[in-house]
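Below you'll find the structure, written out as structure tokens, and then a few comments.
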Amino acid sequence: MKHLLSIADLSREEILSVLDTAVSMHEVQHRDVKKLPTLRGRTIINFFFEDSTRTRSSFEIAGKWLSADTINLTGKGTSVSKGESLRDTVLTIGAMGVDMMVVRHPASGAPAQIADWVGCSVVNAGDGTHEHPSQALLDAYTLRRALGDLEGRHVAIVGDLTHSRVLRSNLLCLQRLGARVTLVAPPTLMPSGIAAWSGADGFATSYDLDEVLPTVDAVMMLRVQRERMSGGYFPTAKEYAVTYGLTPRRLGLLQDHAVICHPGPMNRGLEISADAADAARSLVLDQVSAGVAVRMSILYHLLAGEGSQE
Ligand code: CP
């Protein structure tokens, strides 16, 4: 494995291998001295052309805890703002001899294009509405810790599906792990042609959240991405919260063991109520914690593990 660009590129065995390594990486988080020598002498550039709190900081922490030299760049503050092209920018960084670029970009496919241009490993840290593979891996890790083996488990992914890269990666990842997935959204936010998505088959769709909630082991609420919406996808925020939000009333529809996920950042009061976000069954902060361990595992597999750089 040289790059992590899409969950579609990973077999079930490769996903499980990343998740298993993350278990031992997670132990580092609870040590006084959070440092392993694994990536000493390696250099990782985190190149974020879009804003991020969780992904950027956890990739940086993951690299540092594995003793890599990590450098953060954003579009602002680099020569991108002077008009330098993406290709010239990444070739310039690549010429410095870095071992990995972790890239977030608003254009779907940008990390894959960069991987064609440069010689180092490339990790997709979220590209447009395409994929967010490290998020799906950390979500799977978190769900496995809460529920055990995901084979046959029922997961609902709910909300702004049209604009969500988290959806696409999670759908592929959960299906590889044997989970049953139901996608729930208003008709305006259900992606057109969703049944034809390559590599993702056998999932259900619904417009009725109340009907689906009592049947799930986990519900994954997705953020309403207003910054990607050019038109009106729902009449008002209040109407969306009432029909598709995880409200206090809807918490009562969940089975006792069912858990709640949200990749963040959350719109409290819109897709998720404060009661749901802060409930004992909410895994939101577990997902953040797992993010560091899973990203350590990703860096390890790409830069140091068996088959890395192939
Ligand atoms: N979940 C996620 O990608 O969050 P950030 O945008 O804060 O990285």
Side-chain angles (χ1 to χ4, degrees), residues 4-7 18-19 22 29 44-65 70-76 100-111 122-143 145-146 155 157-174 189 218-229 246 259-268 270-272 276-278 282-299:
L4 177 61
L5 300 172
S6 164
I7 294 292
V18 171
L19 301 186
Q29 208 164 351
I44 300 170
I45 301 270
N46 294 320
F47 213 153
F48 278 63
F49 294 86
E50 254 187 16
D51 292 344
S52 166
T53 297
R54 282 146 283 268
T55 313
R56 189 172 64 186
S57 52
S58 59
F59 266 116
E60 183 177 2
I61 292 169
K64 287 188 188 317
W65 286 0
T70 59
I71 292 163
N72 294 313
L73 292 176
T74 59
K76 232 185 266 175
M100 176 184 282
M101 292 184 201
V102 177
V103 180
R104 171 169 288 191
H105 200 281
S108 299
V122 176
V123 173
N124 178 1
D127 61 332
T129 56
H130 174 230
E131 277 219 41
H132 194 349
S134 65
Q135 179 71 46
L137 291 167
L138 76 87
D139 290 340
Y141 176 90
T142 308
L143 287 173
R145 270 170 67 100
V155 181
I157 306 179
V158 182
D160 181 0
L161 306 183
T162 291
H163 302 101
S164 179
R165 54 195 175 207
V166 174
L167 159 67
R168 193 178 288 258
S169 291
N170 259 297
L171 181 56
L172 294 169
C173 189
L174 289 166
L189 290 171
V219 58
M220 186 177 292
M221 303 306 297
L222 297 181
R223 184 170 69 87
V224 174
Q225 300 193 38
R226 284 182 277 205
E227 76 278 16
R228 294 190 202 276
M229 293 181 179
L246 194 54
V259 293
I260 299 164
C261 295
H262 191 304
M266 295 184 283
N267 293 308
R268 284 175 182 254
L270 185 55
E271 72 268 2
I272 189 165
D278 301 330
S282 166
L283 301 180
V284 171
L285 292 180
D286 303 77
Q287 290 170 270
V288 176
S289 169
V292 178
V294 169
R295 287 171 175 131
M296 288 172 80
S297 174
I298 291 167
L299 300 185

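All ligand and atom numbering here is 1-based and tracks the order in the structure. Quick caveat: nothing in here was measured; it's all calculated off a predicted structure.
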> Where is the nearest protein heavy atom to atom 6 (O) of ligand 1: which residue, which atom, and how far?
Replying inline: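 I find the closest protein heavy atom is R104 NH1, 2.9 Å.
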> Got the closest protein heavy atom to atom 4 (O) of ligand 1, with its distance?
Replying inline: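 Closest protein heavy atom to atom 4 (O) of ligand 1: R54 NE, 3.1 Å.
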>> Within ligand 1, which atoms have a heavy atom of T55 less than 4.0 Å away?
In response: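 Within the 4.0 Å cut-off of T55, ligand 1 contributes 2 (C), 3 (O), 4 (O), 5 (P), 8 (O).
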> T53 heavy atoms, cut-off 4.0 Å: which ligand 1 atoms fall inside?
Replying inline: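 Answer for ligand 1: 5 (P), 7 (O), 8 (O).
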> Among R268, Q287, E271, R223, whose side chain to side chain donor-acceptor pair (under 3.5 Å) with H262 holds?
Replying inline: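 Result for side chain to side chain donor-acceptor pair (under 3.5 Å) with H262: E271.
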>> Is it the case that ligand 1 has an N or O less than 3.5 angstrom from some N or O of P263?
In response: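 Yes, since at least one N or O of P263 sits under 3.5 Å from an N or O of ligand 1.
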>> Considering both backbone and side-chain atoms of R56, is one of its nitrogen or oxygen atoms within less than 3.5 Å of a nitrogen or oxygen in ligand 1?
In response: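 N/O-N/O distance under 3.5 Å: no.
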> Which is closest to atom 3 (O) of ligand 1 by heavy-atom distance: Q287, E50, H132?
Replying inline: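 Looking at heavy atoms only, H132 sits closest to atom 3 (O) of ligand 1.
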>> For D51, I'd like to know if atom CG has over 12 heavy atoms of other residues, nucleotides or ligands within 6.0 Å.
In response: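 Not more than 12 within 6.0 Å, no.
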>> side chain to side chain contact (heavy atoms under 4.5 Å, CB included), that's the test. Do Y141 and V18 meet it? Break it down for me.
In response: CA-CA 9 Å; Y141 176 90; V18 171; over 6 Å; no
>> For a 4.5 angstrom cut-off between non-hydrogen side-chain atoms, does D286 reach R145?
In response: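 D286 vs R145: side chains apart.
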>> Please confirm whether G126 approaches ligand 1 to less than 4.0 Å, judged on its heavy atoms.
In response: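 No, that is not the case, since the closest heavy atom of the residue is not under 4.0 Å from the ligand.
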>> Would R295 pass as a cation-pi partner of F59, given that its NZ or CZ must be under 6.0 Å from the six-membered ring centre and within 45 degrees of the axis?
In response: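 Verdict for F59: a cation-pi partner in R295.
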> N72: what forms a side-chain hydrogen bond (donor to acceptor under 3.5 Å, both in side chains) with it, not counting sequence neighbours?
Replying inline: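 Here the qualifying residues are N46, E60.
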